[in-house]
Amino acid sequence: MKSESVASEWSALLALQRATHATLQVLSAELVDLDLTSSEINALANLGDGRGRTVSELGAAVGTRPTTLTSVLDRLERRGHITRGARPGDRRAVLIELTPSGRLAAATIRQAIADVEHRALDGLPSDAIAHLRTALEALTEVRS
């Protein structure tokens, strides 16, 4: 990154924060019938590929610590969207998997995400989208 872009008035982090809040508001409005928090939506969307994950793996996917994720998983389990069980070959690891209602909710969420993404990015050149992906991945990898 060029030093003049860091010193400019525009901030990638502030823009990302605005974009996050804007997209969460749109998603929440489109998914209001599911009665889920944004954290629950995030967890179900990440589980929506059908792969079970340990709490640690899901925490990494959703961008939060496993201890923070526990209350989200508690709520999703109470609502019947997920199950927690032992991971085959490692009884110490807890495996999170979607139930049939969780798969339905996750599919609805993933479709809404795809629709919002399409509306937001439609018309952008593919190289701009590729650069956006690269920038977002770089920001995701920032460590303290």
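Positions are given from 1 along the sequence.
The backbone N or O of Asn46 sits less than 3.5 Å from a side-chain atom of Arg53, completing a donor-acceptor pair. Between the side chain of Thr99 and the backbone N or O of His81, at least one donor-acceptor pair lies under 3.5 Å. In this structure a side-chain-to-backbone donor-acceptor pair under 3.5 Å is present from Ser101 to Gly80.
With contacts defined as side-chain heavy-atom distances shorter than 4.5 Å, the pair Leu121/Leu132 qualifies. Contact check for Glu40 versus Asp35: no side-chain heavy atoms found under the 4.5 Å cut-off. For the pair Leu73/Leu58, a side-chain contact is recorded, criterion being any heavy-atom separation below 4.5 Å from C-beta on.
A distance of 11.5 Å separates OG in Ser28 from NE2 in His21, rounded to the nearest 0.5 Å.
When each of Leu27, Leu44, Asn42 is checked for a side chain to side chain contact (heavy atoms under 4.5 Å, CB included) with Leu36, only Leu44 meets the rule.
Among all heavy-atom pairs drawn from Arg119 and Val26, the shortest one is NH2-CG1, 3.6 Å. The minimum heavy-atom distance linking Arg84 with Val94 is given by the pair CB-CG1, 3.7 Å.
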Passes side-chain contact (heavy atoms from CB on, under 4.5 Å), Asp49 versus Arg110? Steps please.
CA-CA 9 Å; Asp49 62 4; Arg110 286 171 76 101; 4.2 Å; yes
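Shown here is Arg133, whose CZ atom has no more than 12 heavy atoms of other residues, nucleotides or ligands within 6.0 Å.
Both Leu124 and Leu136 are part of a single hydrophobic cluster, where members link through side-chain heavy atoms under 4.5 Å apart. Linking Ile, Leu, Val, Met, Phe, Trp and Tyr whenever their side-chain heavy atoms come within less than 4.5 Å puts Leu98 and Val55 in one cluster. In the hydrophobic cluster analysis, where Ile, Leu, Val, Met, Phe, Trp and Tyr join through side-chain heavy atoms closer than 4.5 angstrom, Ile41 is grouped together with Val116.
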